[in-house]
Each structure stands twice: as structure tokens, then as C-alpha cells.
Amino acid sequence: MAGRAGTPEGRKLSRRFGWLTVLGAILVLGGIVGLVYTGLATLTSMLLFGWLLLVGGLVGLLQAVQSRGSNFFWLGVVVAALNLAAGIVVLRHPEGTAEALTMFAALLFLTGGVFRLVGSVVVRGPQFGWTLVQGAFGVLLGVLVLLDWPHSSLYVLGCFFSLALLFDGLGLIAIGTGGRQMVSMVAAATPEAQEETRD
């Protein structure tokens, strides 16, 4: 009994790991819903991106005002103003922003894949085959996204956003369940728990 319950600190720690598991399950659920409704996930990710830019711009502006006597005052003001302007543009035109970011992502995949392919052929290191496959996959993904652009902007970013939620959620679930198991193992190994088990 005591081995399971443990000390008050152990129970508190176990509850915290339990909340991590719950948060992970919510993220996994959000990721699955986003993979089903990729258009909605894309729009949601753009709106979140816009609000993050706005909040970042406001925080940067406050910091710049607080350090107005320093040499970095105007730099802080310019960066904050750019963040605010970008946030307003993203929030007013989320579809256009999604199209631009999808094009940028496709070009990144394409150029990164080409560099990996060329590097793997030129260097021919111990990871030659794996680097070659990565490069070919990057080129293929970039080409596929570009061929379907701008229609691909409706699902590419939403898919990435949903996959990030899914894997983050699975990671939190693993940490939460593993942490609770470790707490219960430590509680079971305490002298008080062992004495009560013998009784």
C-alpha cells in the first residue's frame, strides 16, 4: 500500500507526470484531428503564427522602450515594428501567407535535397546510402509540393503542424507514463515500503 502511495512529495510528482500524460493525449488528439482536417489545421497554424508575431512584436517594443538609453534602442524598435507588421499581414491574409510559406518550404526541401544528393556523391562517406535516400526524398517532396502549388498550401503546412502535435504528444505521453513508473518504483524501494510489505 505504502509502496504504491509513497510520500506526499512522491504523490505530487506522480500527479504532475499524470498531467503530462493528459496533455500529451490532448496533443495527440489534436494532431489526429489536424491530419483529418488539414485545411483547418493550416488555417489554425497561420492564425497562431500571426498572433505569435504580434505578441512578439509587442514584447519587443516594450523591451525597446525600457532600454531607450542604449545603443540597441532603434534596432529593437525596427525589429518589433517588423514583427507587428508581419503579424497583421498574416492575420489579415492567412491563405496568402500559407501559399508563400508553402512555396518557401518546397524550395527548402528541393535545395536541401539537391545539396544532400551532390554531397553524398562527392564525399561518399560511411553514410552514403542514407544521405542519398534523404536527398532524393527531399527533392521528390519539393517537386511534388511545387507541382501542386498553390493548391498544396491547403494541406502541406497543416500536415506538418499536425504531425508536430502528434509526435510532441506521443513524447509527452512517454515521459508522463515513464515518470509515473519511476516514481512508483522508487516509492516501492523505500525502507518504509519494504517494512510494510514484510508486515
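The first residue in the sequence is number 1, and the count goes up from there. What you see is a predicted model, and the numbers here were worked out from it, not measured in a lab.
- If you take OG1 on T102 and NE2 on H151, they are separated by 11.5 Å, rounding to the nearest 0.5 Å.
- Ring to ring, F167 and F160 are not that close: their centroids are 6.0 angstrom or more apart.
- In this structure, the side chains of L107 and L146 come closer than 4.5 Å at one or more pairs of heavy atoms.
- To the nearest 0.5 Å, the span separating OG on S162 from CG on L157 amounts to 10.5 Å.
- Connection of L23 to V28 is not established within any shared hydrophobic cluster, with ILVMFWY side chains joined at heavy-atom distances below 4.5 Å, either directly or through further cluster members.
- For L108, the side-chain contact (heavy atoms from CB on, under 4.5 Å) partners are F104, not counting sequence neighbours.
- Residues G57 and A80 share a closest heavy-atom pair of O-CB, 3.3 Å.
- Here D168 pairs with nothing under the side chain to side chain donor-acceptor pair (under 3.5 Å) rule; sequence neighbours left out.
- Scanning all heavy atoms of the two residues, the minimum distance from L172 to G24 falls at CB-CA, 3.7 Å.
- Taking OG1 from T111 and CZ from R116, the interatomic distance works out to 10.0 Å, rounded to the nearest 0.5 Å.
- Hydrophobic clustering (side-chain heavy atoms under 4.5 Å, transitive across Ile, Leu, Val, Met, Phe, Trp, Tyr) groups L91 together with I88.
- When hydrophobic clusters are built by joining Ile, Leu, Val, Met, Phe, Trp and Tyr residues whose side-chain heavy atoms come closer than 4.5 Å, directly or via intermediates, F109 is grouped together with F137.
- Hydrophobic clustering (ILVMFWY, side-chain heavy atoms < 4.5 Å, transitive): F161 and L101 are in distinct clusters.
- When all heavy atoms of G135 and L117 are compared, the closest pair comes out as C-CG, 3.8 Å.
- Taking all atoms of both residues into account, the shortest heavy-atom contact from V139 to V114 is CG2-N, 3.6 Å.
- Using a 4.5 Å cut-off on side-chain heavy atoms (C-beta onward), L144 and D148 make no contact.
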| request: Would you check, one step at a time, whether the test side-chain contact (heavy atoms from CB on, under 4.5 Å) holds for V118 with F115? | output: CA-CA 5 Å; V118 172; F115 277 116; 5.8 Å; no
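- L110 places a side-chain heavy atom less than 4.5 Å from the side chain of V143.
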Under 3.5 Å donor-acceptor pairs involving side-chain atoms of residues 32-55, not counting sequence neighbours:
unit_1: T42; atom_1: OG1; unit_2: T38; atom_2: O; d: 2.9
unit_1: T42; atom_1: OG1; unit_2: L154; atom_2: O; d: 3.1
unit_1: T42; atom_1: OG1; unit_2: G158; atom_2: N; d: 2.8
unit_1: T44; atom_1: OG1; unit_2: L40; atom_2: O; d: 2.7
unit_1: S45; atom_1: OG; unit_2: A41; atom_2: O; d: 3.2
unit_1: S45; atom_1: OG; unit_2: T42; atom_2: O; d: 2.7

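- Remark: side-chain polar atoms of W149 are paired, donor with acceptor, to backbone N or O of E99 under 3.5 angstrom.
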